[in-house]
S.K.: 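Quick one: structure below, then a few questions.
Both ligands and their constituent atoms are indexed starting at 1 by order of listing. None of the values given here were measured: they were computed from a predicted structure. Starting from 1, each residue takes its place in the sequence as its number. When reading the values below, keep in mind they use all heavy atoms of this one structure, side chains included, and skip hydrogens, waters and symmetry mates.
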Amino acid sequence: MQQIVQPKLIIHGGAGSCLKGKGGADAVRQSLHRVVQEIYALLLAGENASSAVVKGCQLLEDDPRFNAGTGSVLQSDGHIRMSAALMDGTRQRFSGIINVSRVKNPILLAQTLQEGDDRVLSDYGAAELLRELQLPPYDPTTELRLQEWMLERKGDFNRAMAGVVAERELVTESNAGRGTVGVVALDSQGQLAAATSTGGKGFERIGRVSDSAMPAGNYASSDAAISCTGIGEDIIDECLAARIVVRVTDGLPLGQAFERSFLEAHRNQRDFGAIGIDAHGTIAWGKTSEVLLAAYHNGQTIADTLNADLGMQTAVG
Ligand code: ASP
């Protein structure tokens with residue numbers, strides 16, 4: 001296969017408030033860089049954007065540090081319900097799974113649904129799909145997430161969301177945040193894709209639907225691809241991923257599309273972050289939350305956003 005375009009890759013492991021200690025940040029950085037390295041190598045070897053973002057999501061889902069797949073947060077009733085979406089930019093085709101339980105990699109279900117007529121399934125339909133695919137039942141609960149839930153139950157679930165990443169010690173109010181994962185890639189054929197996977201906010205009411213399996217939280221066209229993380233309701237209210245993509249389609253450079261969208265979000269006191277790539281290979285990220293846990297490969301080096309200033313910021317990588 002002829003390499004026409006230099007591949008680009010950006011991934012995130014959530015957005016939220018400050019990481020508790022340097023130890024936490026270093027471990028997250030290592031996890032993110034490892035995934036970037038692995039997936040970028042696949043892109044260089046000719047993997048297409050859609051399967052690369054799925055593989056990246058799968059690696060992040062398997063890392064208990066992040067709130068997706070293994071290590072997902074528990075909802076108010078103590079159950080884990082996960083959501084994931086894949087959007088193929090070339091086909092401009094979205095597929096997603098909402099509130100699925102007892103599966104190792106929700107993103108693989110979203111990938112399976114890309115080819116179907118019914119491309120977004122929730123609860124009962126998701127369980128039926130698991131049965132049809134004969135996937136073995138899997139319990140993604142980790143001891144740490146269980147302890148976190150029990151602690152919250154004592155406090156009557158007063159916190160808005162669970163911890164940004166699972167740290168060795170229990171997460172506390174000071175580092176409350178999230179840890180959803182997302183991957184955006186441009187492959188060597190110039191194709192874009194975005195994938196996002198989450199355990200939700202944590203402690204939410206039964207049936208609450210995350211933005212991660214909506215075009216508000218995960219969207220791509222042949223012009224740009226975006227994955228979001230943060231308070232899902234804020235992301236939905238801004239329709240963030242689709243908003244940024246449409247701005248690029250209408251002619252705004254990706255960096256400016258991020259800048260404008262995050263200025264509006266800041267004005268509206270939203271709490272979230274987003275990552276993206278456009279068809280020219282520009283990488284961008286933005287946040288209104290204190291931190292965004294993102295890392296990227298720009299063709300030359302791997303870099304990350306972990307030391308970015310607190311608060312609202314957008315940048316081109
Ligand atoms: N956006 C996710 C949700 O609201 C949470 C996150 O990004 O951490 O379900």
S.K.: What are the atoms of ligand 1, with element, lying closer than 4.0 Å to any heavy atom of G179?
M.R.: 8 (O)
S.K.: Check each of D234, D211, N218 against atom 1 (N) of ligand 1 and report the one with the nearest heavy atom.
M.R.: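 Nearest option to atom 1 (N) of ligand 1, by heavy atoms: D211.
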S.K.: Just to check, does G14 reach to within less than 4.0 Å of ligand 1 when the distance is taken from its heavy atoms?
M.R.: no
S.K.: Is a donor from one side chain sitting under 3.5 angstrom from an acceptor on the other, for Q114 and R91?
M.R.: yes
S.K.: Should you measure from each heavy atom of S210, which atoms of ligand 1 turn up under 4.0 Å away?
M.R.: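 In order of numbering, the contacting atoms are 2 (C), 3 (C), 9 (O).
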S.K.: Any nitrogen or oxygen of G230 lying under 3.5 Å from a nitrogen or oxygen in ligand 1? Just yes or no.
M.R.: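 Between G230 and ligand 1, an N or O pair is found under 3.5 Å apart.
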S.K.: Is there any N or O on G232 that sits under 3.5 Å from an N or O of ligand 1?
M.R.: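 Yes: some nitrogen or oxygen of G232 is under 3.5 Å from one in ligand 1.
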S.K.: What's the shortest heavy-atom distance between A279 and L192, and which atoms?
M.R.: N-CD1, 3.8 Å
S.K.: When hydrophobic residues are tied together by side-chain contacts of less than 4.5 Å, even through go-betweens, does I236 share a cluster with I98?
M.R.: yes
S.K.: Which heavy atom in A185 sits nearest to a heavy atom in A49, and how many Å separate them?
M.R.: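 Here A185 and A49 meet closest at O-CB, 3.7 Å.
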S.K.: Which is closest to atom 7 (O) of ligand 1 by heavy-atom distance: T196, T229, N67?
M.R.: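 When every heavy atom of T196, T229, N67 is considered, T229 comes closest to atom 7 (O) of ligand 1.
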S.K.: Does a donor on one side chain sit under 3.5 Å from an acceptor on the other, for D139 and T141?
M.R.: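 Indeed, the side chains of D139 and T141 share at least one donor-acceptor pair under 3.5 Å.
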S.K.: Backbone, side chain, both or neither: what part of R208 comes under 4.0 angstrom of ligand 1, heavy atoms only?
M.R.: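 The side chain, only.
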S.K.: Would you say the side-chain atoms of Q92 and Y219 include a donor-acceptor pair closer than 3.5 Å?
M.R.: yes
